[in-house]
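Each chain gets a letter, A, B and so on, in the order the sequences are listed, and its residues count up from 1.
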Protein chains: 2
Amino acid sequence: MATYVFGHTNPDSDSIIGAISLSYLKNQLGEECIPTRQGDISAETQFILDRFNYTDKAPELKTSVAGESVYLIDFSDKAQAPKDIEEATILGIVDHHKLGDLTTDTPLECWIRPIGCSNTVVKQMFDFYNVEIPKDIAGMMMCAILSDTVIFRSPTCTKEDTKAVKELSEICGIEDYKQLAMDMFIAKSAVEGASARELNTRDYKEFDMNGVKVGIGQLEMVDISVLEPRIEELMADMQKMKEEGGLHTVLILLTDIIKEGSQLLVASDDESKIEAAFGKSLENSQAWLDGVLSRKKQVVPFVQPQFK
Amino acid sequence: MATYVFGHTNPDSDSIIGAISLSYLKNQLGEECIPTRQGDISAETQFILDRFNYTDKAPELKTSVAGESVYLIDFSDKAQAPKDIEEATILGIVDHHKLGDLTTDTPLECWIRPIGCSNTVVKQMFDFYNVEIPKDIAGMMMCAILSDTVIFRSPTCTKEDTKAVKELSEICGIEDYKQLAMDMFIAKSAVEGASARELNTRDYKEFDMNGVKVGIGQLEMVDISVLEPRIEELMADMQKMKEEGGLHTVLILLTDIIKEGSQLLVASDDESKIEAAFGKSLENSQAWLDGVLSRKKQVVPFVQPQFK
């Protein structure tokens with residue numbers, strides 16, 4: 001029986017490419033694995049799949065896993081898992097986030113590292129098992145790492161991530177990976193024709209913070225000023241998301257990768273918690289967070305203690 | 001500021017030796033780490049420390065970790081952690097059990113594998129980082145693996161464990177490691193002068209099974225018949241443990257490593273759950289479980305689903 005390998009809900013490139021790269025590794029090691037996904041493929045991920053002619057082999061949608069064996073990549077929270085995850089057998093977790101609330105009944109394999117990208121962890125696994133990475137998968141893994149580390153600018157980026165990108169660029173034969181990454185971020189920045197809900201949930205995760213639900217979305221753009229005319233519309237939709245989902249707070253980060261900071265938009269039952277988290281007053285439920293590029297390292301760890 | 005490295009409450013050899021071996025590795029990698037322990041050193045562990053002249057350098061007792069940075073070895077459950085673990089920063093977990101209920105606010109390092117011993121995982125970490133293992137630490141790690149795998153007889157034992165023992169035996173220069181292991185198990189089997197409570201809690205862990213507390217202890221012996229005259233006394237004490245600790249069930253396994261099976265002793269609010277777990281009737285709250293050597297693999301996964 002095959003094992004399914006997938007990333008979190010609202011999959012980003014790390015989740016989709018990680019499902020592909022980890023499945024490939026496991027298959028080489030003799031475990032039959034199938035990469036799947038829990039949601040739509042983003043414009044950024046589609047750019048990567050197209051670039052490496054992998055669109056036809058993209059992971060299939062699978063949102064129910066009862067009775068299956070699974071490997072998880074890029075998350076360890078129930079809130080980001082299929083609803084029936086507790087009826088599945090988790091064989092392993094490959095991740096680079098804080099440790100979430102999933103538990104297992106049986107021993108498992110966890111490769112979790114405090115580094116910039118899950119695909120860097122997968123690269124280390126390839127090295128550990130001495131398995132060769134095909135050119136196309138190496139190129140996609142490289143893109144996933146460049147995306148998660150915002151081309152090495154994110155504070156989450158470690159020397160292991162830069163090392164992995166360099167080694168992967170040699171394998172896939174792409175020297176000018178920074179140009180490729182910028183093209184990828186331009187593809188990611190496209191907002192024309194997208195509804196407010198599509199933008200708010202493009203890279204959106206919900207967290208259980210001590211029993212309180214908090215949703216945090218992020219739009220990484222090469223220039224966030226194109227969104228200025230739409231901020232009111234985005235914020236009205238955030239209110240709706242908060243009510244529909246029974247959330248305490250919805251945060252959206254409009255992250256400008258050139259200016260290296262984020263415009264924070266807030267819909268919350270208690271804005272003072274968010275002000276306390278960042279030591280900053282909100283104006284019209286907004287604030288500019290200079291230098292903030294990483295939800296994981298610069299947002300979640302500051303918001304979470306407010307709900308203790 | 002130093003980081004503390006420790007195993008679970010009621011530390012076994014894997015927890016004590018793992019604290020030593022993981023601290024040593026981290027120190028070599030430039031992270032100042034201090035091995036500690038949450039409880040007394042067992043007769044088996046003392047045998048190992050004596051054998052490798054390490055008694056003077058044994059981990060110090062430390063049961064409070066608020067405000068500290070820590071690495072955990074051989075567990076990931078709150079019930080097996082210091083009471084104030086949530087006020088500490090967990091930098092990483094090295095383990096070989098099911099994934100427990102500890103969570104973190106920040107990204108961390110997890111090396112968790114479905115294999116026989118945490119020290120086998122530490123051995124893999126030494127290899128990954130290409131750090132040499134000193135002879136004495138190699139010998140102690142070897143003993144910890146031989147203990148956890150019951151000299152390769154436990155169903156938890158994998159080829160990674162046997163490989164690690166072979167490599168460690170070469171490093172420490174002990175060829176006849178099976179004889180050393182048998183001497184270790186004889187040291188472990190000593191029961192003279194020990195009270196019922198000391199025996200019941202010698203290797204005892206409490207589990208939170210869906211909100212219900214279940215304690216499971218194990219005595220690994222080269223011959224359990226020496227305990228026959230004391231079984232009534234042990235069972236009376238298990239009832240006391242159950243009441244004092246507000247537990248639903250206390251199980252003690254008297255494991256005979258030569259006969260390769262365990263005499264199960266039960267104190268429970270509902271014996272039928274235990275009978276269902278093992279598909280076996282209890283007689284006088286006891287049953288012989290043939291082939292059962294591993295609490296982790298042959299007991300916990302069968303008991304846990306009874307409390308869903």
Side-chain angles (χ1 to χ4, degrees), chain A residues 72 74-79 86-87 89-118 121 124-125 127-130 148 155-156 158 160 207-210 294-308, chain B residues 72 74-79 86-87 89-118 121 124-125 127-130 148 155-156 158 160 207-210 294-308:
Chain A
L72 312 182
D74 207 36
F75 75 104
S76 64
D77 276 288
K78 275 183 210 168
E86 285 174 356
E87 294 165 63
T89 302
I90 302 174
L91 298 183
I93 302 175
V94 177
D95 195 11
H96 70 124
H97 296 90
K98 69 195 183 71
L99 189 60
D101 56 356
L102 283 167
T103 61
T104 65
D105 290 349
T106 48
L108 79 169
E109 179 186 359
C110 291
W111 295 71
I112 305 175
R113 301 288 177 275
I115 59 180
C117 183
S118 294
V121 187
Q124 294 181 349
M125 294 174 72
D127 293 345
F128 182 86
Y129 290 113
N130 204 18
D148 261 19
T156 61
T158 67
E160 280 132 293
F207 300 87
D208 182 327
M209 296 191 179
N210 210 24
S294 165
R295 168 172 52 196
K296 185 177 77 171
K297 204 153 184 168
Q298 297 172 298
V299 177
V300 174
F302 297 93
V303 174
Q304 182 134 324
Q306 300 299 322
F307 295 96
K308 282 234 159 150
Chain B
L72 312 182
D74 206 36
F75 75 104
S76 65
D77 277 288
K78 275 183 210 167
E86 284 174 357
E87 294 164 63
T89 302
I90 302 173
L91 298 182
I93 302 174
V94 177
D95 194 13
H96 69 124
H97 296 90
K98 68 194 186 71
L99 189 60
D101 56 357
L102 283 167
T103 61
T104 67
D105 289 350
T106 48
L108 79 169
E109 180 185 359
C110 292
W111 296 72
I112 305 174
R113 302 288 178 272
I115 60 181
C117 183
S118 294
V121 186
Q124 294 180 349
M125 294 175 72
D127 293 345
F128 182 86
Y129 290 113
N130 204 18
D148 261 19
T156 61
T158 67
E160 279 131 295
F207 299 86
D208 182 328
M209 296 192 179
N210 210 25
S294 165
R295 170 172 51 196
K296 185 177 79 171
K297 205 153 183 167
Q298 297 172 297
V299 177
V300 174
F302 296 93
V303 175
Q304 181 134 325
Q306 300 298 323
F307 295 95
K308 283 233 159 150

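The structure places CG of A/Asp101 at 10.0 Å from CG of B/Leu99, a figure rounded to the nearest 0.5 Å. Taken from OG1 in B/Thr104 to CD in A/Gln304, the straight-line distance is 8.0 Å, to the nearest 0.5 Å.
Per-residue heavy-atom pair counts under 4.5 Å with chain A were compared for B/Lys296, B/Glu109, B/Arg113, and the maximum is reached by B/Arg113. When the candidates B/Ile112, B/Thr156, B/Val121, B/Ile93 are compared by the number of heavy-atom contacts under 4.5 Å with chain A, B/Ile112 comes out ahead. For the options A/Pro114, A/Ser76, A/Gly92, A/Gly100, heavy-atom pairs under 4.5 Å to chain B are most numerous at A/Pro114.
A heavy-atom distance below 4.5 Å is found between the side chains of A/Asp105 and B/Lys308.
By the 6.0 Å contact criterion, CD on A/Glu86 is open, its count of non-hydrogen atoms from other residues, nucleotides or ligands being 12 or less.
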